[in-house]
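Below, all heavy atoms of this structure are taken into account, side chains as well, without hydrogens, waters or symmetry copies. Each residue takes its place number in the sequence, starting with 1.
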Amino acid sequence: IGGAFFLLSSLGRNTINLKEMYEVSVQGVDGYGSAYLTMNEDAIAEWLCDQAGLKVEDVDLYELLSPRIFFSNYSFSGGMDYESYTKEIFGKSMSKKQVEKIVSDLANKAEVLLNLDYELTPDTDLKNGDTVKISFSYDEQDAKDAGFRFKNTEWKYEVKDLTAVASIDLSNAITI
């Protein structure tokens with residue numbers, strides 16, 4: 001029973017639920033709305049921290065969510081004070097090997113996340129009640145190599161709360 005629980009919990013830990021990581025929003029007026037997809041940075045930060053064994057409240061999220069900035073700002077050359085650096089960025093002191101492994105793992109995971117493609121169909125001229133299909137595509141081998149998989153790569157979103165367009169009868173509104 002314990003082994004089954006461990007297996008199930010570790011499988012869930014390595015799964016990204018795209019429906020939780022991305023949010024659909026619709027802007028405009030009824031009949032002329034446009035759909036957009038935005039990243040839920042808090043959910044992604046929590047997932048990345050979990051993957052690295054870190055507490056989200058102890059981590060500089062800007063550094064964690066910006067691996068390219070991370071690599072350009074920091075050098076792992078000799079003389080670096082790893083203890084202070086890791087305490088500041090990761091919330092705990094770690095060795096050079098631990099840092100390099102975390103950075104490498106997070107960079108691989110972030111690269112797969114950055115290379116996700118998505119499509120919203122339809123995405124324009126939307127009215128209340130319409131259904132938008134969200135579809136993600138990605139390189140499955142890259143995700144597997146990074147050590148995780150995606151869940152909910154397709155789902156549907158119902159358009160609602162678009163403001164109705166008011167119509168004006170100009171013949172009654174104008175007096176000549």
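Here the straight-line distance linking atom CG of Leu37 with atom OH of Tyr118 works out to 5.5 Å at 0.5 Å rounding. Summarising the geometry, atom OH belonging to Tyr22 is positioned 13.0 Å from atom CD1 belonging to Ile134; distances are rounded to the nearest 0.5 Å. Separation of atoms CE (Met21) and CG (Leu116) is listed at 11.0 Å; rounding is to 0.5 Å. Between the NZ atom of Lys151 and the CZ atom of Arg149 there is a distance of 8.0 Å, given to the nearest 0.5 Å. Summarising the geometry, atom CG belonging to Asn152 is positioned 12.0 Å from atom CD1 belonging to Ile16; distances are rounded to the nearest 0.5 Å. Considering NZ of Lys156 and OG1 of Thr121, their distance stands at 11.0 Å, rounded to 0.5 Å.
Both Trp155 and Met39 belong to a single network of hydrophobic side chains, linked directly or stepwise wherever heavy atoms of I, L, V, M, F, W or Y lie under 4.5 Å apart.
Nearest heavy-atom pair, Asp30 versus Ala164, reported as atom, atom and distance to 0.1 Å: CB-CA, 4.0 Å. Among all heavy-atom pairs drawn from Glu23 and Asn40, the shortest one is OE2-ND2, 3.3 Å. What you find for Ser34 and Thr124 is that their closest heavy atoms are OG-CG2, 4.1 Å. Nearest heavy atom pair, residue Leu113 against residue Ile44, reads CD1-CG2, 4.2 Å.
The ring-ring contact (aromatic ring centres under 6.0 Å, His included) search around Phe150 returns Tyr138, Phe148, not counting sequence neighbours. Judged as a side chain to side chain contact (heavy atoms under 4.5 Å, CB included), and not counting sequence neighbours, the contacts of Lys133 are Ser135, Glu154. When the side-chain hydrogen bond (donor to acceptor under 3.5 Å, both in side chains) test is applied to Asp139, no partner is found at least two apart in sequence or on another chain.
Using a cut-off of 4.0 Å between Lys/Arg side-chain N and Asp/Glu carboxylate O, Lys101 and Asp105 are scored as salt-bridged.
By the 4.5 Å heavy-atom criterion applied to side chains, Asn17 and Trp47 are not counted as neighbours. Between Val26 and Asp130, the closest side-chain pair of non-hydrogen atoms is not below 4.5 Å. The side-chain heavy atoms of Val132 and Asp123, taken from C-beta on, include no pair separated by under 4.5 Å.
Put simply, the side chain of Asn128 gets close to the backbone of Leu162: a donor and an acceptor are under 3.5 Å apart.
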